[in-house]
Amino acid sequence: MIEYLLLAPILTSILCFLTKTRKQVETVSIIGSIATLVLGLVLVNNVFKYGTIVAWQNALFADAFSAFIVLIVSIVGFVASFYSVGYMGHEFDHNIFDIKKLKMYYVLFHIFMFTMLLVGVTNNLGLWIAIEMTTLVSALLMILYSRKSSVEAAWKYMIICTVGITFALFGTILTYYAAVKILGETGDALNWTSLIAVADQFDPTIMKLAFIFILIGYGTKAGLAPMHTWLPDAHSEAPTPVSALLSGVLLNCAMYGIIRFYTIATKSTGVGFTSNLIIIFGLLSLGIAVPFIILQEDYKRLLAYSSVEHMGIVALGIGFGGVYGIFGAILHMFNHAMTKSLMFFGAGNVLLKYETKEIDKVSGIVKSMPVTGPMLIIGALAITGSPPFSIFLSEFTILAAGFLQGRYVSSVLFLLFLIMIFAGFFNNISKMVFGTPKPGITKGEVSRWTLAAMSILIVFVIVLGVYIPPFFYDMIMKVVAVIR
Amino acid sequence: MSEIILGSKMVQLIIALILVSTFLILGSTRLYSCVRAFGIQSFLLACVAGIVAYSTGKNDIYIVALLTLVIKAAVIPYIFIYIIREIKVKREVELYVNVSPSLIIGGVLVVISYYLIRSINILSELSSFALSASMSLVSIGLFVMISRKKAIMQMLGILIMENGLFLGAISLTYGMPLLVELGIFFDVLIGVLIMGILIFRINKTFESIDTDMLKTLIG
């Protein structure tokens, strides 16, 4: 089952490489991403119905948490491939991309999907390999535009993330060392299942060191401050559909790595050490995002900093712990993925229309783009945590968990940062959305494909704000059970 | 146990030589000499892996040693030389921190790593020797990345860090399971290729590979 899921994007990518025209490559890509989505959903269904699945001599593995990541990757990936047809098609029509580059884009897009799915379903600390692969592929996607700024962003991204991930490798080696002492030198000693079973016997000194390295390493990739410096560059310079995947999905994949290790390390070091560290990084990310969001001049960077903020919130949820904290964090991962992708898609439409990324040069989106505009307003309300949208629920759960666990100072700071970010973010977005468009901007949407993609996402944003279906609730509770 | 193997004077000597090769990189101002020193370092690393494989009799580690020899000591230095030749850069390293302070900082980093690893008192004397060498390599690699101007030296810095981790893994646990080890080699190789592509692109776009140019995206 897992093999088929991994095979689908690889196959799609190969087929994309073999196509000749724009129409062909787009058809293949859409069919491929539908296949990936369907296989992903089947996997998720199987895991939640029948329990953990392993394959390929234990190398691949899917429990509730993996399945949840697969769910996020395949939904956002599916929507992004729809969006790509509109967005990249526009770039193709305007001769910014030739057919060779367009093909290259789709080939890399599906390999990128493959690497992210792989992060979810690797059954061992070899997770490192998959996460490093995501960096490699996405750096290539970034330099498809040969602008100076894209090249700079890609280089920074590559260097900073590779160094970060090297630290994570060190943490992985230390964890393996701790495991080998208990389990002996078997190939199994790196599997999640065998690690969790004996994690309480691991040497706490080594696990503390390992967890620090892991948190810094994968934290770099997850965009936690102060290792986030590459993120605004990379997320704003990538092609928009890729920005959505980077912000909405890839950050979650890195977070997934941290949370897996959190579970293992906590069993050995006790909950105090790991939680405090995660909370510190979480609050720092929120705090650093505040001034950059308030004073931002570039709307794609605005969204990127908002991702730093939201990864901080997920980290806080995990750090606060308890059923509420972790439930909130997992729900927040999902909600953020949907809402942030929606926002990036909206921003992409604006970018195609206004051909600038500066907030001050954009106005009157509601008038010039009657569908994108309102969706952007809803997205902005949702992403800043206003009721009745989905992110409000998860943020509120995390806040409640903070107070329940007696983390008063952190919770109050969390609330304060949220209020400041709400004001700053909404101020910037309203400058763009309202007012009258500049002369020369014609009325009308860029492409139907992009709107289709956005309308799928907005359903999640609105529905999950007022109603969490019982099956979804059960799913998250199962994930919580895996983590605790 | 790992103590017996690492106890052999041979491995200690090689690990010391690995440190020397790292200082060769810090001390040279010519790109080719840096690449050569890196090649020597990787070769020595392959020797360590070979000795560990011989004394434990594990076939897996022979494969790892062979891969180190082929990929890190031959293919990657070749890619470096190819890049240097193709983009026709000045063959000098261009430093933010001069050679002599670089060497002193390198020495300080080794001492710090030594005491840091010593403070974990559950390690045996000899694995802490290997691990402190590994830690030194990681920190010196990081220092190379921030103190050298050319993008190509940042790439070299990352590889020095990676070598350090490899040394740590092999001395602590005889390396990772083979599947993981293979994956890491794959990633390192692809990573080097993609960084190479990026360097070509930087050179084409900025007509230079000085990272000084890459400072426009802020705020």
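Per chain, numbering begins at 1; letters A, B, ... match sequence-line order.
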field: Top contributor to chain A interface from Met145(B), Glu181(B), Gln154(B) [non-hydrogen pairs under 4.5 Å]
entry: Gln154(B)

query: With only heavy atoms counted, which part of Leu295(A) is less than 4.5 Å from chain B, the side chain, the backbone, both or neither?
result: neither

message: Main chain of Gly164(B), side chain of Ser134(B): is a donor-acceptor contact present, judged purely on distance under 3.5 Å?
response: yes

- prompt: Could you give the distance from CG (Leu195(A)) to CZ (Phe202(A)), rounded to the nearest 0.5 Å?
  reply: 5.0 Å

field: Other residues, nucleotides, ligands: >12 heavy atoms within 6.0 Å of Phe61(A) CZ
entry: yes

- request: Select one option (side chain, backbone, both, neither) describing which atoms of Ile158(B) are under 4.5 Å from chain A's heavy atoms.
  value: side chain

task: Tell me the residues of residues 182-191 of chain B whose non-hydrogen atoms fall below 4.5 Å from those of chain A, in number order.
output: Gly183(B), Ile184(B), Phe186(B), Asp187(B), Ile190(B), Gly191(B)

Min side-chain heavy-atom separation Phe167(A)-Ile214(A) under 4.5 Å: no

task: Examine distances only and state if a side-chain atom of Lys357(A) and a backbone atom of Glu237(A) form a donor-acceptor pair shorter than 3.5 Å.
output: no

task: Would you confirm whether Ser268(A), through its side chain, and Ile264(A), through its main-chain N or O, come within 3.5 Å as a donor-acceptor pair?
output: no

- request: Could you give me the CA-CA distance, side-chain angles and deciding distance for Lys148(A) and Glu152(A), then say whether salt bridge (Lys or Arg N to Asp or Glu O under 4.0 Å) is met?
  value: CA-CA 6 Å; Lys148(A) 278 191 175 182; Glu152(A) 178 185 337; over 6 Å; no

query: How many angstroms lie between CG in Leu193(B) and CE in Met195(B), if you round to the nearest 0.5 Å?
result: 10.0 Å

Any side-chain donor near an acceptor of the partner, Thr135(A) and Lys221(A), under 3.5 Å: yes

message: Just to be sure I understand the criterion: a residue of residues 72-86 of chain B counts if one of its heavy atoms is under 4.5 Å from a heavy atom of chain A. Which ones qualify?
response: none

statement: Turns out that what part of Ile197(B) lies under 4.5 Å from chain A's heavy atoms comes down to side chain

message: If you take the centroid of each ring, where Trp contributes its six-membered ring, are Phe97(A) and Tyr145(A) closer together than 6.0 Å?
response: yes

message: To the closest 0.5 Å, what do you measure between CG (Asn203(B)) and NZ (Lys150(B))?
response: 10.5 Å

